[in-house]
Every structure is written in structure tokens, then in C-alpha cells.
Undergrad: 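Got a structure for you, written out below as C-alpha cells; questions coming shortly.
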Protein chains: 4
Amino acid sequence: MTESKEKLQVETTVKDAQLIEFRRQQIINAAIVLFKEKGFHRATTREIAKVAGFSIGTLYEYVRTKEDVLYLLCDSIYHEVRQRLDSFPQHSGTVDELKEAIKQYFFVIDSMSDAFTIMYQESKSLSTEALHYVLNKELEMVALFEKLLKNCTELGILKLSEQELFLAANHIVIQGQSWAFRRWALHKHCTIDEFIAYQTNTLLNGILRKE
Amino acid sequence: MTESKEKLQVETTVKDAQLIEFRRQQIINAAIVLFKEKGFHRATTREIAKVAGFSIGTLYEYVRTKEDVLYLLCDSIYHEVRQRLDSFPQHSGTVDELKEAIKQYFFVIDSMSDAFTIMYQESKSLSTEALHYVLNKELEMVALFEKLLKNCTELGILKLSEQELFLAANHIVIQGQSWAFRRWALHKHCTIDEFIAYQTNTLLNGILRKE
Amino acid sequence: MTESKEKLQVETTVKDAQLIEFRRQQIINAAIVLFKEKGFHRATTREIAKVAGFSIGTLYEYVRTKEDVLYLLCDSIYHEVRQRLDSFPQHSGTVDELKEAIKQYFFVIDSMSDAFTIMYQESKSLSTEALHYVLNKELEMVALFEKLLKNCTELGILKLSEQELFLAANHIVIQGQSWAFRRWALHKHCTIDEFIAYQTNTLLNGILRKE
Amino acid sequence: MTESKEKLQVETTVKDAQLIEFRRQQIINAAIVLFKEKGFHRATTREIAKVAGFSIGTLYEYVRTKEDVLYLLCDSIYHEVRQRLDSFPQHSGTVDELKEAIKQYFFVIDSMSDAFTIMYQESKSLSTEALHYVLNKELEMVALFEKLLKNCTELGILKLSEQELFLAANHIVIQGQSWAFRRWALHKHCTIDEFIAYQTNTLLNGILRKE
DNA sequence: AATGAATGAGAGTTCATTCAT
DNA sequence: GATGAATGAACTCTCATTCAT
């Protein structure tokens with residue numbers, strides 16, 4: 001899995017790269033808390049700075065606009081997801097590999113569900129350029145699962161058209177994310193493991209044509 | 001299907017009920033256009049009034065706050081959905097009935113995808129009370145499909161636990177809505193009919209246990 | 001004397017034209033006081049609103065930006081100047097007419113010297129477009145005196161090349177304005193009448209070639 | 001010509017006098033570029049430091065406040081003017097000497113017109129104390145020409161009252177400076193030599209009373 | 001002597017809401 | 001019932017200045 005587009009640069013007045021990394025992580029953490037609580041528009045930059053632990057002036061040394069904070073947050077999600085998916089042990093058996101990927105993906109979402117929810121609800125507030133970048137990351141996610149599904153078809157385990165490949169991959173991505181943005185409904189009825197089990201079974205059964 | 005909660009009342013200074021109905025529909029239509037274009041927070045009440053065709057003063061004769069506009073919009077969605085689902089011809093064959101319900105549901109979403117997307121992204125801006133009301137409507141939707149699925153299990157066509165019943169219903173509702181909020185990705189790959197076909201097949205195949 | 005360019009429009013949210021006129025005059029008056037005292041940049045829009053007698057919100061109903069206030073001020077100066085010069089009685093004798101025009105011009109400046117000084121020092125803060133508009137008004141002023149001087153040359157009283165015509169007209173305009181922006185030096189040494197007498201004599205003697 | 005007031009001291013933490021001189025010249029040069037481009041208020045201290053070639057911290061080793069930069073700039077103008085006027089060869093014939101002084105003065109202005117324009121438009125941003133110092137320098141300039149004119153009256157070439165002496169000197173100073181601050185209008189119509197010729201002739205003709 | 005990250009008061013602007021007409 | 005001018009709290013962002021290194 002490779003990044004398809006250059007990262008959009010968020011301008012800084014600070015020169016020390018390590019410090020930038022560190023402060024931006026503080027900003028992102030603060031933003032997750034606040035955007036979750038009150039949404040992007042109701043959270044103020046002053047609050048973000050305060051929760052991050054520094055002054056409003058300092059915030060703006062690491063970020064040009066409030067929108068940059070949202071972009072940083074969205075970007076960090078995919079960074080995290082990629083790290084996790086890249087690091088899980090690769091199986092030879094491809095259906096198992098697919099299952100494992102789904103599991104890992106759902107786990108990341110579970111562990112970052114606030115961030116995912118924010119991204120879902122607020123990414124529309126990004127500039128066109130940043131939004132395109134983020135949606136593109138999303139498509140990379142879909143493409144990853146398309147690839148894994150395709151591997152299965154090549155082994156003859158599945159028979160899927162290109163369209164079905166896409167729809168199935170899309171299906172996985174959405175259901176995974178729904179674990180985040182529909183917490184309120186789902187958590188009352190099952191655990192993440194049960195959810196993963198149901199989704200994996202339904203999908204694979206649904207896709208496997210045994211006639 | 002019955003409405004579980006009393007409709008939340010949006011106060012008015014105007015008496016004429018028909019006029020209220022009429023003006024509110026104008027408000028909702030204007031809001032759909034503007035919230036889609038710029039989101040709830042960036043759209044101003046002045047703009048809403050202007051697009052609706054009257055003055056800001058008049059807007060506030062039919063609505064107490066800006067949030068009321070969002071609430072009215074969300075509420076009208078479920079009103080519309082219910083009307084459509086209630087009116088389609090009921091079959092005796094229950095799997096067919098389920099299929100038909102799915103189809104109708106996806107069709108409503110397709111025809112109101114802007115409104116659905118807005119609801120998805122902006123409902124967090126509602127007050128706790130209004131949000132609960134809306135989420136409750138959402139659960140009624142899920143319950144509707146749970147009921148239809150349950151009918152199938154009772155005929156022995158499906159074997160599903162309570163949990164699976166809920167997850168499957170939830171699955172339908174989410175995939176349907178994804179047709180609205182993931183337009184940008186889905187519309188390039190398939191038509192609404194193809195999407196319905198894929199979702200219906202996958203779900204039913206995935207659920208039917210043939211061992 | 002005709003206005004060479006369309007007036008630049010300053011946008012408003014208010015519809016009542018008379019009210020706009022009235023409020024803008026209040027804004028200009030407040031701005032003259034404050035810009036004189038602390039300059040354009042140090043005067044705040046809040047102060048302007050306060051001195052004008054209304055709230056900051058109201059200020060922004062009649063003006064889009066702070067720069068608009070400055071533009072309104074500059075524009076009103078030329079409006080005033082034109083009114084005064086257009087209304088003085090026209091002589092037949094052209095040198096007398098020139099003298100009278102100079103006198104009237106210097107009088108207007110004397111009566112609006114704060115506004116003139118502000119324009120001199122702050123017009124650079126206008127947008128390119130607005131600045132061009134204002135400088136153009138300034139050139140119209142020069143052109144007016146060029147015309148009056150030209151009348152004299154046509155009667156054979158003066159012999160001036162095109163360049164000299166321009167320089168002499170320019171000379172009048174600058175010396176007049178210096179009465180405003182060099183108050184601090186000039187007022188200690190002479191009255192406006194003495195200043196006018198000196199400038200008129202020097203200019204006419206300087207220009208008249210008697211060899 | 002003697003300096004009438006002690007130079008205002010701009011405090012420093014640095015000891016090395018030569019270095020101070022050197023760095024301040026860098027600061028002034030940077031300030032001329034930036035103040036010309038965006039004015040005193042819009043130019044930031046950071047930018048000044050950057051253009052000057054060092055860090056913001058260093059800037060504040062040589063200057064107490066941003067206003068000091070403006071003061072330094074204004075002060076350097078008179079320093080330059082004095083150097084030039086003091087160094088031109090003194091004639092015995094006093095009208096020629098006056099003419100030569102005018103010429104040299106206009107030449108300095110031409111070569112430093114950015115700095116002069118800045119002084120004209122921004123000196124109001126100086127503190128009262130610094131402003132008085134600068135205006136005083138200005139009056140010294142006027143006094144210089146008063147002196148030269150007086151020499152002529154004493155030789156019987158001119159007959160001028162004290163007031164006329166002042167006004168004529170003032171006239172020269174202003175017209176000279178107008179070559180800087182009215183560049184936009186004048187440069188299209190004549191060269192500096194033509195301008196000097198016109199101003200010198202008009203003034204002398206205007207002043208010489210031969211009846 | 002030089003650096004540059006940190007600070008926070010303060011500025012311009014917006015916009016939901018009110019209320020007299 | 002309809003209008004639209006008035007309001008002011010609240011928000012984002014800037015930038016002169018400081019001080020530890």
C-alpha cells in the first residue's frame with residue numbers, strides 16, 4: 001500500500017521538526033476531545049490551545065488556520081490506520097488474510113472511534129483541496145480491501161465482477177466505520193468481537209456463491 | 001409502525017396552522033439547499049430566509065432558533081420515509097416483502113440524498129432533546145426491518161438470534177444511508193438499481209444458513 | 001467639471017437609501033475625529049462605532065470593512081470640494097476667475113484640514129482599486145486648475161507650455177494641501193488669508209513672463 | 001547649520017558601537033523596502049528582521065520598539081540630507097548659491113524618495129517626543145533656505161518681509177518633497193531636471209518684485 | 001551577541017436574535 | 001403577519017515583545 005498523493009503541507013513558523021511533530025500531536029489530541037464534545041464549529045481555537053496546554057499564540061505557530069487542525073486530525077487517522085494494517089503478520093492463505101485485515105481494521109476503528117466519527121461528520125468543513133486529499137485516503141482504504149478480495153478471486157475461492165469487488169470492499173469500509181459513528185446504537189447490542197464476527201460471516205457468506 | 005414519541009413542538013407566534021405548514025416547508029427546502037452547500041454552521045439564518053423567499057423577521061415567526069430549522073429538516077425526513085414505506089403494497093410472501101421494503105427504503109434515500117446527508121453530518125448540532133428524538137426515529141427504522149426479518153425467521157426461512165436480527169436490520173439501514181453520504185464514491189461505480197441488487201443479494205445470501 | 005469614473009460602490013445590508021446616507025455621514029464624522037487623533041491603524045472599528053453613536057454591529061451594516069470607512073472619508077472630501085468650487089460665482093475676467101478658484105480651494109481645505117491630512121497620510125491603506133479612484137479625483141482637481149490656467153493663456157495673458165500648465169496646476173494643488181498637512185508649521189506664521197495672498201502673488205508673478 | 005537638539009538615544013544591549021551602526025543601517029534599509037511596500041503598520045518586525053538578514057531576537061538587541069525603527073529611518077534621512085548639502089561647493093554669488101542649494105536638495109530627495117515618502121506618511125506614528133524631534137529637523141531645513149534667502153535680501157536683490165522669507169523657504173521645502181510623495185503624478189510629466197528648472201524659475205520670478 | 005519559540009492582548013468581522021413599525 | 005435595522009457576544013487570527021538557551 002503506497003500513499004498516492006504528496007502530503008499537503010501545513011505551514012509553520014517554527015523550524016524545529018521534532019517540536020512541530022510533538023506540538024501537533026498535542027493539538028490533534030486536544031482537537032479530538034473538543035470536536036467530539038462540541039463539534040468543529042463550536043469548539044474554539046482558544047479552547048484547543050488551552051486543552052493542548054499552551055497559548056493561542058503558540059497554536060498558531062504550528063497551524064495556519066483552524067481548518068488546518070481538522071486536516072491534521074483527519075490525516076493522522078489514516079497515518080495510524082496504515083501503520084496498524086502494515087504491521088500485522090501476513091498470512092499465505094488469502095481468505096484468512098482477508099479476515100485478519102478486516103479484524104485489524106475494525107480494531108483500529110474501535111480504538112480511534114472518536115477520531116473516525118469526527119472525520120465523518122466534519123470533513124465537509126475542509127477546503128476542497130484538503131477534502132479531496134482526505135477522500136483519496138479513504139479510497140486507498142477501499143482499494144486495499146479490493147486488492148485482498150481480488151487475491152481471493154484469483155485463487156478461485158470467490159467469483160466477483162469488478163463492480164462487486166468494489167462494492168464488497170466499500171461494504172467492509174462502511175460497516176467498519178459504522179462501529180464508530182453508530183456507537184450509540186451498536187454498543188448496547190454487541191461487543192466489537194461479536195460485531196467483527198457477524199460482519200465477517202455475513203460478508204463472506206454473502207459473497208461466496210455456492211451454486 | 002407507530003411513532004413512539006410525541007413530536008417535539010416548535011413554537012410559533014403565528015396561529016394559522018396551514019400557513020405554518022406552508023412556511024415551514026419553504027424553510028426546510030431552503031435549508032436543504034443551503035446546508036448541503038455550506039453546512040449548518042456556515043449557512044446563515046438570513047440566507048435561509050432569503051432563499052425561502054421572505055424576511056429574517058418572518059423566519060423567526062415560524063421558528064424559535066436556527067436549531068429548530070435543523071430539527072424541522074430532520075423530522076421531515078422521517079415523515080417522508082414513513083409515508084413512502086407505509087404506502088407500498090404489502091405482499092404475503094415475507095422474503096419478497098423484505099426485499100420490497102429494502103428497495104423502497106433505498107429509493108427514498110436516493111430521492112432525498114441531500115437531506116439524508118445533512119442529517120448524518122449535522123444532527124450532532126441538535127440539542128440533546130432533539131437529538132434523542134431524531135435518533136429514536138432512526139431506531140424505529142431499524143425496528144421496522146427487524147420486524148420484517150423476524151417474520152422471515154418465524155416462517156423458518158431464516159434462523160437468526162435476537163442479536164443477529166438487530167445487526168442485520170442495522171446493516172440494511174446503514175448501507176442504505178451510505179448511498180447518500182458516500183455518493184461521491186458509489187455513483188461512479190453503479191446505479192441505484194445495481195446497488196440495491198448487490199445489497200439485497202449479499203445480505204440474504206449472507207444471512208441464509210444452508211448447512 | 002465632470003466626474004470621470006463611476007463611484008465605487010460600498011456594499012450595505014440596509015435598504016433605506018436615506019438612512020444609509022445619514023449613517024455614513026455619522027461614520028465619516030467619527031472617522032475624521034479618530035483617524036486624526038490616532039491614525040487609521042490605531043483607531044479601532046469599535047471606537048468609530050462608539051463615536052458615531054451606534055453599535056459595532058450597526059457599523060458593519062453600512063460598511064463591509066474598515067477600509068471602506070477610509071474610502072468613504074476620502075470620497076466625501078472630493079464631493080465637498082466639488083460642491084464648493086462649482087457653486088462660486090463665475091467671473092468673466094479669467095485671471096480673476098483663477099484667483100477666485102484658488103481662494104475657494106484654499107478655503108475648503110482650511111475648513112476640512114483634518115480630513116485632507118488624513119487623506120494624505122492614510123490613503124495608501126486603501127486597496128489598489130480604491131486608491132486609483134482617489135488619486136483620479138486628485139488629478140481631476142489638477143485638471144480643473146489646468147483648465148483655468150489654459151483659459152488665461154488663450155487670452156494671451158500667460159504664455160505656458162503644456163508641461164508648465166500641468167506643473168503650475170500641480171503647484172497650486174500641493175500648496176493648498178500643504179496648508180492642511182503642515183498646519184503645525186504654517187499656522188504660527190500666517191493666517192489663511194495671508195497664505196492665499198502669498199501663494200497667489202508668487203504663482204502669478206512667477207508665471208507671468210514680462211520680457 | 002547646526003543640529004539644534006541632542007539626538008534622541010535609542011537604547012541597545014549591545015556594546016560594540018561599530019556593530020550597532022552597521023546593524024542599524026541594515027535595519028533602516030530593510031525598513032525602507034518594507035514600509036514603502038506595505039506601510040509602517042502592515043510591515044511586521046519579523047519581516048524587517050528577515051529582510052535585514054537576521055533573527056527577530058537580534059533586531060530587538062538594536063532597537064527597543066518597532067517605533068524606534070521608524071525613528072531611526074526618519075533620523076537617517078536628515079543625516080543624509082545634511083551631509084549632501086554641507087558638502088556642495090559654496091559660491092560667492094548668493095542667488096546662484098540659493099539655486100545650487102535648491103538643486104542639491106531636490107537631488108537628494110530624488111535619490112531617497114522612498115524614504116521621504118515614508119517619512120511623510122508615517123511620521124505620525126512616532127511618539128510625541130520623537131515626532132517633535134523629526135519636525136524640528138524639518139524646520140532646520142526650512143531655516144537653511146530662509147538663511148539663503150535672507151542673504152539675498154541683504155544684498156538688495158530681494159525685498160522680503162520675515163513672513164515672506166518663511167513662506168518662500170517653506171515653499172521650496174514642500175515642492176521638493178512633493179517630488180517624492182507625488183511621484184505617481186509628476187514623473188509622467190517631467191524629469192527631475194525639468195522639475196528643478198520650473199520650480200526655481202517660478203519661485204525666483206515670483207519673488208523678485210521689479211516694479 | 002544571536003536565536004527563535006512562546007505569549008496574550010487586541011483587532012476586525014460575523015451573525016443569531018429582537019422588536020418597533 | 002411581515003419587515004428589516006439594530007445589537008453585541010463571540011470568534012479567528014495577528015504580531016510586538018520577551019527570555020531561556
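Residue numbering restarts at 1 for every chain, and letters A, B, ... go by the order of the sequence lines.
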Undergrad: Tell me the interatomic distance from C:Leu19, atom CG, to F:dT3, atom C1', rounded to whole angstroms.
TA: 14 Å
Undergrad: For F:dT21, which nucleotide in any strand shown is its Watson-Crick or wobble partner with both distances under 3.5 Å?
TA: E:dA2
Undergrad: To the nearest Å, give me how far apart CD1 (B:Ile20) and C1' (F:dG1) are.
TA: 11 Å
Undergrad: Figure out the CZ/P separation between D:Arg64 and F:dA16, and round it to whole Å.
TA: 16 Å
Undergrad: Can we call the ring centroids of A:Tyr120 and B:Tyr120 under 6.0 Å apart?
TA: no
Undergrad: Considering only heavy atoms from C-beta outward, does the side chain of A:Phe35 approach that of A:Met119 to under 4.5 Å?
TA: no
Undergrad: Nearest nucleotide by nearest heavy atom, which residue falls closer to the 5' end of DNA chain F, A:Glu67 or D:Glu67?
TA: A:Glu67
Undergrad: More than 12 foreign heavy atoms under 6.0 Å from NZ of C:Lys124: is that the case here?
TA: yes
Undergrad: Taking a pair as Watson-Crick or G-U wobble with both distances under 3.5 Å, which nucleotide is matched to F:dG8?
TA: E:dC15
Undergrad: How long is the line joining CD of C:Gln18 and P of F:dA5, in whole Å?
TA: 13 Å
Undergrad: How many Å lie between NZ on A:Lys66 and C1' on E:dT14, as a whole number?
TA: 13 Å
Undergrad: Report yes or no: is the cationic atom of C:Lys66 (NZ for Lys, CZ for Arg) under 6.0 Å from the centre of the six-membered ring of C:Tyr71, at an angle within 45° of the ring normal?
TA: no
Undergrad: Using atom CD of D:Glu61 as one end and atom C1' of F:dC19 as the other, report the distance to the nearest whole Å.
TA: 10 Å
Undergrad: Do the side chains of A:Lys38 and A:Glu47 get close enough for a salt bridge, i.e. N-O under 4.0 angstrom?
TA: yes
Undergrad: Quick check on contacts: within residues 34-60 of chain A, what sits under 4.0 Å from DNA chain E by heavy-atom distance?
TA: A:Arg46, A:Phe54, A:Ser55, A:Ile56, A:Gly57, A:Thr58
Undergrad: Within the structure shown, what part of the strands sits under 4.0 Å from B:Thr13 by heavy-atom distance: base, sugar-phosphate, or nothing?
TA: nothing
Undergrad: Whole Å only: how far is the CG atom of C:Asp68 from the P atom of E:dG12?
TA: 13 Å
Undergrad: Give, for atom CZ of D:Phe116 and atom CD1 of D:Ile32, the distance between the pair rounded to the nearest 0.5 Å.
TA: 11.0 Å
Undergrad: Would you kindly compare A:Asp16 and C:Thr65 by the position of their nearest DNA chain E nucleotide and give the one closer to the 5′ end?
TA: A:Asp16
Undergrad: Any chance the rings of A:Phe54 and A:Tyr60 have centres within less than 6.0 Å?
TA: no
Undergrad: Without decimals, in angstroms, what is the distance between A:Arg23 CZ and E:dG4 C1'?
TA: 13 Å
